[in-house]
S.K.: 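Below you will find the structure I want to go over with you.
The structure presented is a predicted model; accordingly, all values stated were derived computationally and were not measured. Chain letters run A, B, ... following the sequence lines, proteins first, then strands; residues in each count from 1.
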Number of protein chains: 2
Amino acid sequence: MPAVLNRADPRLLDAERLIQQRLGDRRLDFDSMLAVSNIYRAATAVRRRAEKGVLSEFGLSWGGFTTLWVLWVWGEMQTADLAEECDLSKGTLTGVVKTLERRGFVKRSQVASDRRRVTVALTDAGIDTIEGLFPRFNLYEGEMVRELSITEKQTLAELLRRVIVTADAP
Amino acid sequence: MPAVLNRADPRLLDAERLIQQRLGDRRLDFDSMLAVSNIYRAATAVRRRAEKGVLSEFGLSWGGFTTLWVLWVWGEMQTADLAEECDLSKGTLTGVVKTLERRGFVKRSQVASDRRRVTVALTDAGIDTIEGLFPRFNLYEGEMVRELSITEKQTLAELLRRVIVTADAP
DNA sequence: ATGATTTCGTTTGCTACCAAACGGACTATA
DNA sequence: TATAGTCCGTTTGGTAGCAAACGAAATCAT
(Lines give C-alpha, C1' and ligand atoms only; values in the text may rest on other atoms or scores of the structure.)
Protein backbone atom coordinates (compact mmCIF):
# COMPACT_ATOMS: atom_id res chain seq x y z
CA MET A 1 0.00 0.00 0.00
CA PRO A 2 2.65 2.61 0.45
CA ALA A 3 3.87 4.61 -2.49
CA VAL A 4 7.29 3.04 -2.38
CA LEU A 5 6.00 -0.31 -3.56
CA ASN A 6 5.56 1.11 -7.00
CA ARG A 7 8.77 2.96 -7.48
CA ALA A 8 11.16 1.43 -9.94
CA ASP A 9 14.05 1.77 -7.58
CA PRO A 10 15.92 -0.44 -5.14
CA ARG A 11 13.71 0.67 -2.30
CA LEU A 12 11.07 -1.70 -3.57
CA LEU A 13 13.28 -4.62 -2.76
CA ASP A 14 14.17 -2.96 0.52
CA ALA A 15 10.49 -2.67 1.30
CA GLU A 16 9.80 -6.29 0.47
CA ARG A 17 12.75 -7.39 2.54
CA LEU A 18 11.71 -5.19 5.46
CA ILE A 19 8.19 -6.50 5.39
CA GLN A 20 9.42 -10.07 5.31
CA GLN A 21 11.70 -9.27 8.22
CA ARG A 22 8.81 -7.91 10.28
CA LEU A 23 6.77 -10.96 9.39
CA GLY A 24 9.42 -13.43 10.50
CA ASP A 25 8.52 -16.89 9.28
CA ARG A 26 4.99 -16.09 8.20
CA ARG A 27 4.64 -16.20 4.45
CA LEU A 28 3.82 -13.10 2.42
CA ASP A 29 1.63 -13.09 -0.67
CA PHE A 30 3.33 -10.22 -2.39
CA ASP A 31 1.52 -10.51 -5.74
CA SER A 32 -1.88 -10.22 -4.12
CA MET A 33 -0.73 -7.39 -1.93
CA LEU A 34 0.54 -5.41 -4.88
CA ALA A 35 -2.55 -6.07 -6.98
CA VAL A 36 -4.96 -4.99 -4.23
CA SER A 37 -2.99 -1.96 -3.15
CA ASN A 38 -2.65 -0.78 -6.72
CA ILE A 39 -6.39 -1.01 -7.23
CA TYR A 40 -6.87 1.34 -4.34
CA ARG A 41 -4.13 3.73 -5.31
CA ALA A 42 -5.25 3.90 -8.91
CA ALA A 43 -8.81 4.66 -7.85
CA THR A 44 -7.68 7.43 -5.55
CA ALA A 45 -5.43 8.96 -8.20
CA VAL A 46 -8.08 8.76 -10.89
CA ARG A 47 -10.77 10.21 -8.67
CA ARG A 48 -8.61 13.06 -7.45
CA ARG A 49 -7.65 13.90 -10.98
CA ALA A 50 -11.26 13.94 -12.13
CA GLU A 51 -12.44 16.06 -9.23
CA LYS A 52 -9.66 18.58 -9.62
CA GLY A 53 -10.05 18.71 -13.40
CA VAL A 54 -13.33 18.26 -15.22
CA LEU A 55 -15.69 17.88 -12.29
CA SER A 56 -14.66 20.95 -10.33
CA GLU A 57 -15.69 23.19 -13.23
CA PHE A 58 -19.22 21.91 -12.82
CA GLY A 59 -19.23 21.91 -9.03
CA LEU A 60 -19.61 18.15 -8.87
CA SER A 61 -18.03 15.39 -6.82
CA TRP A 62 -17.42 11.92 -8.18
CA GLY A 63 -20.58 10.64 -6.51
CA GLY A 64 -22.60 13.60 -7.74
CA PHE A 65 -21.41 13.01 -11.28
CA THR A 66 -22.20 9.31 -11.11
CA THR A 67 -25.69 10.06 -9.88
CA LEU A 68 -26.30 12.58 -12.64
CA TRP A 69 -24.97 10.15 -15.20
CA VAL A 70 -27.20 7.30 -14.05
CA LEU A 71 -30.25 9.52 -14.12
CA TRP A 72 -29.31 10.75 -17.58
CA VAL A 73 -28.99 7.25 -18.99
CA TRP A 74 -31.90 5.60 -17.22
CA GLY A 75 -34.25 8.48 -16.58
CA GLU A 76 -36.28 9.13 -13.44
CA MET A 77 -35.66 6.53 -10.74
CA GLN A 78 -36.73 5.65 -7.24
CA THR A 79 -34.05 6.41 -4.67
CA ALA A 80 -33.46 2.78 -3.70
CA ASP A 81 -32.71 1.77 -7.28
CA LEU A 82 -30.62 4.87 -7.78
CA ALA A 83 -28.55 4.08 -4.69
CA GLU A 84 -27.89 0.57 -5.88
CA GLU A 85 -26.95 1.64 -9.37
CA CYS A 86 -24.61 4.31 -7.99
CA ASP A 87 -23.18 1.83 -5.48
CA LEU A 88 -23.99 4.05 -2.52
CA SER A 89 -25.77 3.37 0.74
CA LYS A 90 -29.22 4.88 0.92
CA GLY A 91 -28.12 7.28 3.62
CA THR A 92 -25.28 8.57 1.48
CA LEU A 93 -27.55 8.91 -1.51
CA THR A 94 -29.89 11.13 0.47
CA GLY A 95 -27.02 13.51 1.03
CA VAL A 96 -25.77 13.42 -2.56
CA VAL A 97 -29.26 14.06 -3.92
CA LYS A 98 -29.70 16.85 -1.42
CA THR A 99 -26.54 18.51 -2.73
CA LEU A 100 -27.58 18.01 -6.34
CA GLU A 101 -31.00 19.43 -5.53
CA ARG A 102 -29.43 22.49 -3.92
CA ARG A 103 -27.39 23.00 -7.09
CA GLY A 104 -30.56 22.70 -9.13
CA PHE A 105 -29.53 19.60 -11.06
CA VAL A 106 -32.26 17.20 -9.87
CA LYS A 107 -35.73 17.26 -8.40
CA ARG A 108 -37.55 14.87 -6.08
CA SER A 109 -41.15 13.72 -6.35
CA GLN A 110 -43.27 11.67 -4.02
CA VAL A 111 -44.80 8.54 -5.52
CA ALA A 112 -48.59 8.75 -5.28
CA SER A 113 -49.23 5.02 -4.99
CA ASP A 114 -46.76 4.60 -2.12
CA ARG A 115 -46.08 7.70 -0.14
CA ARG A 116 -42.92 6.33 1.45
CA ARG A 117 -41.26 6.31 -1.93
CA VAL A 118 -39.47 9.14 -3.68
CA THR A 119 -38.27 9.43 -7.25
CA VAL A 120 -35.42 11.56 -8.50
CA ALA A 121 -35.16 13.09 -11.96
CA LEU A 122 -32.88 15.51 -13.75
CA THR A 123 -33.98 19.10 -14.17
CA ASP A 124 -33.35 20.91 -17.45
CA ALA A 125 -30.24 22.39 -15.87
CA GLY A 126 -29.16 18.90 -14.87
CA ILE A 127 -29.61 17.64 -18.41
CA ASP A 128 -27.61 20.56 -19.81
CA THR A 129 -24.88 19.92 -17.29
CA ILE A 130 -24.46 16.22 -17.92
CA GLU A 131 -24.67 16.65 -21.68
CA GLY A 132 -21.92 19.20 -21.57
CA LEU A 133 -19.91 17.27 -19.04
CA PHE A 134 -20.05 13.68 -20.16
CA PRO A 135 -18.10 14.04 -23.42
CA ARG A 136 -15.39 15.87 -21.50
CA PHE A 137 -15.42 13.22 -18.78
CA ASN A 138 -15.09 10.48 -21.35
CA LEU A 139 -12.07 12.26 -22.83
CA TYR A 140 -10.58 12.45 -19.36
CA GLU A 141 -11.16 8.71 -18.93
CA GLY A 142 -9.27 8.12 -22.15
CA GLU A 143 -6.44 10.28 -20.81
CA MET A 144 -6.22 8.25 -17.62
CA VAL A 145 -5.61 5.03 -19.57
CA ARG A 146 -3.75 6.52 -22.50
CA GLU A 147 -0.70 4.34 -21.82
CA LEU A 148 -2.77 1.20 -22.37
CA SER A 149 -3.66 -0.35 -25.71
CA ILE A 150 -7.28 -1.18 -26.42
CA THR A 151 -6.61 -4.81 -25.61
CA GLU A 152 -4.94 -3.84 -22.35
CA LYS A 153 -7.89 -1.66 -21.37
CA GLN A 154 -10.19 -4.59 -21.97
CA THR A 155 -7.91 -6.92 -20.03
CA LEU A 156 -7.78 -4.46 -17.16
CA ALA A 157 -11.55 -4.10 -17.12
CA GLU A 158 -12.03 -7.85 -17.19
CA LEU A 159 -9.54 -8.61 -14.42
CA LEU A 160 -11.14 -5.91 -12.28
CA ARG A 161 -14.57 -7.26 -13.03
CA ARG A 162 -13.56 -10.57 -11.51
CA VAL A 163 -12.24 -8.82 -8.42
CA ILE A 164 -15.49 -6.87 -8.12
CA VAL A 165 -17.53 -10.06 -8.31
CA THR A 166 -15.41 -11.68 -5.62
CA ALA A 167 -15.43 -8.66 -3.32
CA ASP A 168 -19.15 -8.02 -3.75
CA ALA A 169 -20.13 -11.62 -3.13
CA PRO A 170 -21.87 -12.21 0.20
CA MET B 1 -19.88 3.65 -13.94
CA PRO B 2 -23.20 2.17 -12.94
CA ALA B 3 -23.43 -1.42 -11.84
CA VAL B 4 -25.29 -2.43 -14.95
CA LEU B 5 -22.22 -2.00 -17.12
CA ASN B 6 -20.77 -5.13 -15.64
CA ARG B 7 -23.69 -7.43 -15.72
CA ALA B 8 -23.48 -10.20 -18.27
CA ASP B 9 -26.98 -9.60 -19.46
CA PRO B 10 -28.62 -7.81 -22.33
CA ARG B 11 -28.96 -4.66 -20.27
CA LEU B 12 -25.30 -3.99 -20.90
CA LEU B 13 -25.97 -3.58 -24.57
CA ASP B 14 -29.05 -1.57 -23.70
CA ALA B 15 -26.91 0.69 -21.57
CA GLU B 16 -24.33 1.19 -24.28
CA ARG B 17 -27.04 1.90 -26.81
CA LEU B 18 -28.80 4.31 -24.45
CA ILE B 19 -25.60 6.18 -23.73
CA GLN B 20 -24.84 6.46 -27.43
CA GLN B 21 -28.36 7.70 -28.00
CA ARG B 22 -27.96 10.42 -25.38
CA LEU B 23 -24.64 11.37 -26.91
CA GLY B 24 -26.03 11.74 -30.40
CA ASP B 25 -23.19 11.98 -32.88
CA ARG B 26 -20.41 12.48 -30.35
CA ARG B 27 -18.16 9.46 -30.15
CA LEU B 28 -17.94 7.31 -27.02
CA ASP B 29 -14.73 5.68 -25.79
CA PHE B 30 -16.37 2.70 -24.18
CA ASP B 31 -13.18 0.74 -23.41
CA SER B 32 -11.68 3.60 -21.44
CA MET B 33 -14.95 4.23 -19.66
CA LEU B 34 -15.24 0.63 -18.55
CA ALA B 35 -11.61 0.42 -17.47
CA VAL B 36 -11.79 3.58 -15.36
CA SER B 37 -15.15 2.86 -13.81
CA ASN B 38 -14.08 -0.66 -12.89
CA ILE B 39 -10.98 0.67 -11.16
CA TYR B 40 -13.21 2.76 -8.97
CA ARG B 41 -15.79 0.08 -8.31
CA ALA B 42 -13.16 -2.52 -7.49
CA ALA B 43 -11.48 -0.18 -5.04
CA THR B 44 -14.77 0.55 -3.31
CA ALA B 45 -15.71 -3.11 -3.10
CA VAL B 46 -12.31 -4.17 -1.84
CA ARG B 47 -12.17 -1.40 0.75
CA ARG B 48 -15.66 -2.06 2.04
CA ARG B 49 -14.91 -5.74 2.33
CA ALA B 50 -11.73 -5.08 4.28
CA GLU B 51 -13.36 -2.60 6.63
CA LYS B 52 -16.32 -4.84 7.34
CA GLY B 53 -14.12 -7.91 7.75
CA VAL B 54 -10.59 -7.88 9.11
CA LEU B 55 -10.24 -4.21 9.95
CA SER B 56 -13.41 -3.78 11.98
CA GLU B 57 -12.17 -6.36 14.49
CA PHE B 58 -9.25 -4.08 15.21
CA GLY B 59 -11.22 -0.85 15.15
CA LEU B 60 -9.33 0.43 12.13
CA SER B 61 -10.27 2.18 8.91
CA TRP B 62 -8.43 1.59 5.66
CA GLY B 63 -6.43 4.79 6.17
CA GLY B 64 -5.69 3.90 9.77
CA PHE B 65 -4.43 0.48 8.73
CA THR B 66 -2.24 1.93 5.99
CA THR B 67 -0.71 4.37 8.43
CA LEU B 68 0.02 1.65 10.95
CA TRP B 69 1.49 -0.53 8.24
CA VAL B 70 3.81 2.19 6.93
CA LEU B 71 5.04 2.96 10.44
CA TRP B 72 5.60 -0.72 11.06
CA VAL B 73 7.68 -1.20 7.94
CA TRP B 74 9.62 2.05 8.00
CA GLY B 75 9.68 2.94 11.67
CA GLU B 76 9.21 6.38 13.24
CA MET B 77 8.54 9.07 10.63
CA GLN B 78 7.88 12.76 10.35
CA THR B 79 4.29 13.54 9.52
CA ALA B 80 5.03 15.05 6.11
CA ASP B 81 6.79 11.88 4.94
CA LEU B 82 4.13 9.72 6.50
CA ALA B 83 1.39 11.62 4.69
CA GLU B 84 3.14 11.19 1.37
CA GLU B 85 3.78 7.51 1.88
CA CYS B 86 0.15 6.96 2.90
CA ASP B 87 -1.05 9.07 -0.04
CA LEU B 88 -3.02 11.43 2.20
CA SER B 89 -3.08 15.19 2.48
CA LYS B 90 -1.36 16.53 5.56
CA GLY B 91 -4.67 17.73 6.97
CA THR B 92 -6.19 14.30 6.63
CA LEU B 93 -3.19 12.67 8.21
CA THR B 94 -3.55 14.87 11.28
CA GLY B 95 -7.01 13.42 11.78
CA VAL B 96 -6.00 9.83 11.14
CA VAL B 97 -3.08 10.07 13.54
CA LYS B 98 -5.35 11.68 16.10
CA THR B 99 -7.70 8.72 15.89
CA LEU B 100 -4.83 6.23 16.10
CA GLU B 101 -3.45 8.11 19.08
CA ARG B 102 -6.81 7.98 20.83
CA ARG B 103 -6.85 4.21 20.27
CA GLY B 104 -3.35 3.99 21.75
CA PHE B 105 -1.68 2.68 18.59
CA VAL B 106 0.73 5.53 17.92
CA LYS B 107 2.44 8.35 19.79
CA ARG B 108 3.64 11.76 18.63
CA SER B 109 6.90 13.47 19.54
CA GLN B 110 8.15 16.94 18.86
CA VAL B 111 11.47 17.14 17.02
CA ALA B 112 13.96 18.99 19.22
CA SER B 113 15.99 20.47 16.39
CA ASP B 114 12.95 21.93 14.65
CA ARG B 115 9.97 22.50 16.86
CA ARG B 116 7.56 22.81 13.97
CA ARG B 117 8.11 19.17 13.17
CA VAL B 118 6.41 16.17 14.71
CA THR B 119 7.27 12.49 14.39
CA VAL B 120 4.89 9.59 14.74
CA ALA B 121 5.82 6.13 16.00
CA LEU B 122 3.99 2.93 16.90
CA THR B 123 3.35 2.17 20.55
CA ASP B 124 3.78 -1.38 21.84
CA ALA B 125 0.05 -1.82 21.46
CA GLY B 126 0.33 -0.57 17.90
CA ILE B 127 3.08 -3.07 17.13
CA ASP B 128 1.05 -5.93 18.61
CA THR B 129 -1.96 -4.84 16.58
CA ILE B 130 -0.23 -4.62 13.22
CA GLU B 131 1.68 -7.85 13.79
CA GLY B 132 -1.53 -9.67 14.52
CA LEU B 133 -3.43 -7.91 11.77
CA PHE B 134 -1.10 -7.90 8.80
CA PRO B 135 -0.97 -11.66 8.17
CA ARG B 136 -4.76 -11.70 8.28
CA PHE B 137 -4.93 -8.70 5.99
CA ASN B 138 -2.59 -10.35 3.51
CA LEU B 139 -4.83 -13.43 3.51
CA TYR B 140 -7.78 -11.19 2.81
CA GLU B 141 -5.89 -9.62 -0.08
CA GLY B 142 -5.33 -13.08 -1.50
CA GLU B 143 -9.05 -13.75 -1.16
CA MET B 144 -9.94 -10.61 -3.09
CA VAL B 145 -7.89 -11.74 -6.10
CA ARG B 146 -8.39 -15.46 -5.74
CA GLU B 147 -9.98 -15.72 -9.19
CA LEU B 148 -6.77 -14.46 -10.78
CA SER B 149 -3.68 -16.53 -11.59
CA ILE B 150 -0.32 -15.28 -10.40
CA THR B 151 0.42 -13.97 -13.86
CA GLU B 152 -2.92 -12.19 -13.97
CA LYS B 153 -2.28 -10.57 -10.60
CA GLN B 154 1.02 -9.29 -11.90
CA THR B 155 -0.57 -8.07 -15.11
CA LEU B 156 -3.27 -6.30 -13.14
CA ALA B 157 -0.72 -4.66 -10.88
CA GLU B 158 1.37 -3.55 -13.84
CA LEU B 159 -1.54 -2.12 -15.84
CA LEU B 160 -2.71 -0.25 -12.76
CA ARG B 161 0.78 1.00 -12.11
CA ARG B 162 0.76 2.66 -15.50
CA VAL B 163 -2.60 4.27 -14.76
CA ILE B 164 -1.29 5.51 -11.41
CA VAL B 165 1.74 7.08 -13.07
CA THR B 166 -0.47 8.83 -15.62
CA ALA B 167 -3.02 10.05 -13.09
CA ASP B 168 -0.39 11.21 -10.59
CA ALA B 169 1.62 13.09 -13.18
CA PRO B 170 1.44 16.88 -12.84
C1' DA C 1 -59.96 -4.93 11.34
C1' DT C 2 -56.20 -4.16 14.25
C1' DG C 3 -51.86 -5.10 16.04
C1' DA C 4 -47.32 -6.57 14.66
C1' DT C 5 -43.96 -6.58 11.23
C1' DT C 6 -41.63 -4.97 7.32
C1' DT C 7 -40.12 -1.51 4.19
C1' DC C 8 -39.41 3.09 2.79
C1' DG C 9 -36.28 7.55 2.88
C1' DT C 10 -34.29 10.54 6.24
C1' DT C 11 -31.63 11.74 10.23
C1' DT C 12 -27.87 11.18 13.38
C1' DG C 13 -23.26 10.44 14.87
C1' DC C 14 -19.13 9.20 13.48
C1' DT C 15 -14.70 8.88 10.53
C1' DA C 16 -12.45 10.27 6.40
C1' DC C 17 -10.97 13.32 3.10
C1' DC C 18 -9.52 17.79 0.81
C1' DA C 19 -8.23 22.73 0.22
C1' DA C 20 -7.38 26.81 2.26
C1' DA C 21 -6.56 29.59 6.17
C1' DC C 22 -3.86 29.88 10.30
C1' DG C 23 -0.17 30.60 13.66
C1' DG C 24 4.11 29.28 15.34
C1' DA C 25 8.91 28.38 14.10
C1' DC C 26 12.84 28.49 11.06
C1' DT C 27 15.77 31.12 7.37
C1' DA C 28 17.64 34.56 4.41
C1' DT C 29 18.63 39.00 3.36
C1' DA C 30 19.68 43.31 4.78
C1' DT D 1 19.43 41.54 14.60
C1' DA D 2 15.33 42.89 12.30
C1' DT D 3 12.01 41.59 9.29
C1' DA D 4 10.12 39.51 5.37
C1' DG D 5 9.37 35.28 3.51
C1' DT D 6 8.98 30.34 3.82
C1' DC D 7 7.85 26.02 5.81
C1' DC D 8 5.73 23.24 9.45
C1' DG D 9 1.44 20.72 11.46
C1' DT D 10 -3.12 21.93 12.88
C1' DT D 11 -7.63 23.84 12.36
C1' DT D 12 -11.66 24.98 9.77
C1' DG D 13 -15.44 24.36 6.74
C1' DG D 14 -17.15 21.75 3.43
C1' DT D 15 -18.67 17.12 1.07
C1' DA D 16 -18.71 12.20 1.26
C1' DG D 17 -19.44 7.93 3.16
C1' DC D 18 -21.39 4.25 6.45
C1' DA D 19 -24.31 1.99 10.03
C1' DA D 20 -27.84 2.33 12.98
C1' DA D 21 -31.76 4.60 14.82
C1' DC D 22 -36.01 6.75 13.41
C1' DG D 23 -40.80 7.88 11.98
C1' DA D 24 -44.13 7.28 8.56
C1' DA D 25 -46.44 4.20 5.51
C1' DA D 26 -47.65 -0.18 3.69
C1' DT D 27 -48.46 -5.10 4.45
C1' DC D 28 -49.20 -9.31 7.01
C1' DA D 29 -51.36 -12.24 10.43
C1' DT D 30 -54.69 -13.27 13.13
S.K.: Could you please name the option among C/dG9, C/dT7, D/dC18 that lies closest to any side-chain atom of A/Leu88?
M.R.: D/dC18

S.K.: With respect to the side chain of A/Arg116, which nucleotide from D/dA16, C/dT7, D/dT11 is positioned closest?
M.R.: C/dT7

S.K.: Using a cut-off of strictly less than 4.0 Å, decide whether A/Lys52 has a side-chain nitrogen or oxygen near OP1 or OP2 of C/dA19.
M.R.: yes

S.K.: On DNA chain C, check which nucleotide each of A/Arg117 and A/Thr44 is closest to and give me the residue with the more 5' one.
M.R.: A/Arg117

S.K.: Considering only C/dG24, D/dG17, D/dA26, which nucleotide approaches the side chain of B/Tyr40 most closely?
M.R.: D/dG17

S.K.: Identify whether the distance between the nearest side-chain nitrogen and carboxylate oxygen of A/Glu152 and B/Arg162 falls below 4.0 Å.
M.R.: yes

S.K.: What's the separation between atom CZ in A/Arg146 and atom OG1 in B/Thr166, rounded to the nearest 0.5 Å?
M.R.: 5.0 Å

S.K.: For A/Gln110 and D/dA26, what is the distance between atoms CD and P respectively, to the nearest whole Å?
M.R.: 9 Å

S.K.: Give the rounded distance in Å between these two atoms: CZ of B/Phe65 and C1' of C/dT15.
M.R.: 18 Å

S.K.: Could you check which of D/dT15, C/dC18, D/dC18 has an atom nearest any side-chain atom of A/Thr92?
M.R.: D/dC18

S.K.: Any idea which of D/dG17, C/dT11, C/dC8 is nearest the A/Val96 side chain?
M.R.: D/dG17

S.K.: Under 4.0 Å between a side-chain N or O of A/Arg48 and OP1 or OP2 of C/dC18?
M.R.: yes

S.K.: Tell me, which pairs form a side chain to side chain donor-acceptor pair (under 3.5 Å) where one or both residues lie in residues 93-106 of chain A, sequence neighbours left out?
M.R.: A/Glu101-A/Arg108

S.K.: Please give, in whole Å, the distance from D/dC18 C1' to A/Asp87 CG?
M.R.: 12 Å

S.K.: Report the residue (B/Leu93 or A/Ser89) whose heavy-atom-nearest nucleotide on DNA chain D is the more 5′ of the two.
M.R.: B/Leu93

S.K.: Counting only side-chain heavy atoms from C-beta out, which of D/dT11, C/dT15, C/dC26 sits nearest to B/Ser61?
M.R.: C/dT15

S.K.: Whole angstroms only, please: what is the CG-C1' distance between B/Leu60 and C/dC14?
M.R.: 15 Å

S.K.: Take atom NZ of B/Lys90 and atom P of D/dC7, then tell me their distance rounded to the nearest Å.
M.R.: 11 Å

S.K.: Just checking, is any N or O donor in the side chain of B/Ser32 or A/Lys153 under 3.5 Å from an acceptor N or O on the other one?
M.R.: yes

S.K.: Which part of the nucleic acid, if any, lies within contact of A/Arg103, taking any heavy atom under 4.0 Å across all strands shown: a base, the sugar-phosphate backbone alone, or nothing?
M.R.: nothing

S.K.: May I have the distance from A/Gln78 (atom CD) to C/dT10 (atom C1'), rounded to whole angstrom?
M.R.: 16 Å

S.K.: To the nearest angstrom, how far is A/Glu51 atom CD from C/dC18 atom P?
M.R.: 10 Å

S.K.: Hey, is the side chain of B/Arg47 poking within less than 4.0 Å of OP1 or OP2 on D/dA16, counting only N and O atoms?
M.R.: no

S.K.: Looking only at side-chain atoms of B/Arg115, point me to the closest of C/dA25, D/dG9, D/dC18.
M.R.: C/dA25

S.K.: In terms of side-chain heavy atoms of A/Arg108, which of D/dG9, D/dA25, C/dG9 is nearest?
M.R.: C/dG9

S.K.: Quick test of your reading of the model: are A/Glu84 and A/Lys90 salt-bridged, counting only N-O distances below 4.0 Å?
M.R.: no

S.K.: Of the candidate nucleotides D/dC8, C/dC17, C/dT10, which contains the atom at the shortest distance from the side chain of A/Thr94?
M.R.: C/dT10

S.K.: Would you mind telling me which of D/dT6, C/dG9, D/dA19 lies closest to the side-chain atoms of A/Val118?
M.R.: C/dG9

S.K.: Charged N to carboxylate O below 4.0 Å: is that the case for A/Arg48 and B/Asp87?
M.R.: yes

S.K.: Over how many whole Å does the gap from A/Asp114 atom CG to D/dG23 atom P extend?
M.R.: 19 Å

S.K.: Has B/Lys98 got a side-chain N or O lying under 4.0 Å from the OP1 or OP2 atom of D/dT11?
M.R.: yes

